[in-house]
Amino acid sequence: MKTQEYIALEEQYGAHNYHPLDVVITRGEGVWVYDVDGRKYLDCLSAYSAVNQGHIHPKILAALVEQAGKITLTSRAFRNDQLPLFYKELSELTGYEMSLPMNSGAEAVETALKIARKWAYQVKKVPRHQAEIITCTGNFHGRTITTISFSTEPLYRDDFGPFTPGFVTVPYGDANAIAKAITPNTAAVFLEPIQGEGGVIIPPKGYLKKVAEICKKDNVLFIADEIQTGLGRTGKLFAAQHEDVRPDVTVIGKALAGGFYPVSAVLADKEVLGLFTPGEHGSTFGGNPLAAAIARAALKVIVEENLILRSAELGEYFIEQLSEIPSPHVKEVRGKGLLIGVELNEKAGGARRFCEALQNKSILAKETHERVIRFAPPLVIDKETIDWALPLIRDVLNME
Ligand SMILES: *Cc1c(COP(=O)(O)O)cnc(C)c1O
């Protein structure tokens, strides 16, 4: 079957909740993906940073195949021999005493919000069902009813209310706004250290540090959503570490399983995560042995292949080179590590057409927020490949 035939089937039988580029991928390897017509592309999206380790990393694949032949799902009604090792290795890598595994990122976000509310009632003694959680404009935390309840993007919300109460939204990047929004009932401040879907928005220097100080002073939990920014993407294990901040709770997902499987987790110390008691929260698939084995291998690859340092060094190079491209369309190039956004001028006619032009030049990137092209290749990319891509990107950024 050819590209157009696959697309026709998808359009006929699938809900149209995405607007993908018209490329039908059939296999991938490292930073490269191949379409059904045999064309090869550089993946500059990495499945929204879920494939930081590169497509079909052989070590993660081996772990998947081995575990799939043993036991895949026990449910948490019984114990399995992978989950304890996953817990231990995740704790040793991240420095948090405990974790709670879920599947999608949105589920881990919901889990973090639930534990923050429980902490507010049990520890902070907020009157029951009065807890407030502060969120930021431009956020993206998933697509569940609760996570869209505090979205500020009309498209994500307009037809989907009524919404979950208990959330207050303040401007992103403004620490004073957070300080002002805190009340005796505030359980947590919940934000992304860098907003990925929001358009690779980097907050002002010192923001995270200030937020952490405010939270500490006012006895409020600081929860970071590092689902996209975590696990090396920005050149640190966690983006909050760029400001030496250690939030009380960190939420991870995406690259936690290297693109093989949906695995997410909430990380925190015992005084917070230890508050859950049996039966209060759960997931049939969360913490299953296949997920745990895959995630263990995916974390090991990040460490063994020095992907964090690689992201820092190559990201700096990529950003610098992109910044030097003369273009009538570019307003700003920004990023941390290999999470890079090229913001276009208002007159450029939207990022979509630039992404389509990049596709024609064998580079797959995706627009985020109409005017930003995101470049976030797998962290296993090398300098030669970036040098191959740069002239192609330059051509596209100079089209009519
Ligand atoms: C992708 C993402 C999510 C949602 O993860 P899903 O696995 O799609 O549910 C939440 N927060 C951030 C910051 C994300 O980038």
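One-based numbering, in listed order, for ligands and for the atoms of each. Please read these numbers as outputs of a predicted model, since none were measured by experiment.
The single protein non-hydrogen atom nearest to atom 11 (N) of ligand 1 is Asp225 OD2, 2.7 Å, given as residue, atom name and distance. At the shortest separation from atom 1 (C) of ligand 1 among protein heavy atoms lies Lys254 NZ, 1.5 Å. The shortest contact between atom 9 (O) of ligand 1 and any protein heavy atom is with Ala106 N, 2.8 Å. The nearest protein atom to atom 7 (O) of ligand 1, hydrogens excluded, is given as Gly105 N, 2.8 Å; this is a heavy-atom distance.
Side-chain contact between Leu208 and Phe222: present, with at least one pair of heavy atoms (C-beta onward) separated by less than 4.5 Å. Residues Lys40 and Ser362 fail the side-chain proximity criterion, which asks for heavy atoms closer than 4.5 Å. Side-chain contact between Tyr261 and Leu290: present, with at least one pair of heavy atoms (C-beta onward) separated by less than 4.5 Å.
Within the 4.0 Å heavy-atom criterion, both parts of Phe140, backbone and side chain, lie near ligand 1.
One finds no salt bridge joining Lys300 and Glu89 here, because no Lys/Arg side-chain nitrogen approaches an Asp/Glu carboxylate oxygen to under 4.0 Å.
Those atoms of ligand 1 with a heavy atom of Ser104 less than 4.0 angstrom away are 7 (O), 9 (O). Taking a cut-off of under 4.0 Å to the non-hydrogen atoms of His141, the atoms of ligand 1 that pass are 10 (C), 11 (N). The atoms of ligand 1 that sit less than 4.0 Å from any heavy atom of Gln228 are 15 (O).
Among residue pairs with one or both ends in residues 240-255, those qualifying as salt bridge (Lys or Arg N to Asp or Glu O under 4.0 Å) are Arg246-Asp269; sequence neighbours excluded. Sorted pairs that involve residues 213-227 and meet salt bridge (Lys or Arg N to Asp or Glu O under 4.0 Å), not counting sequence neighbours, are lacking altogether.
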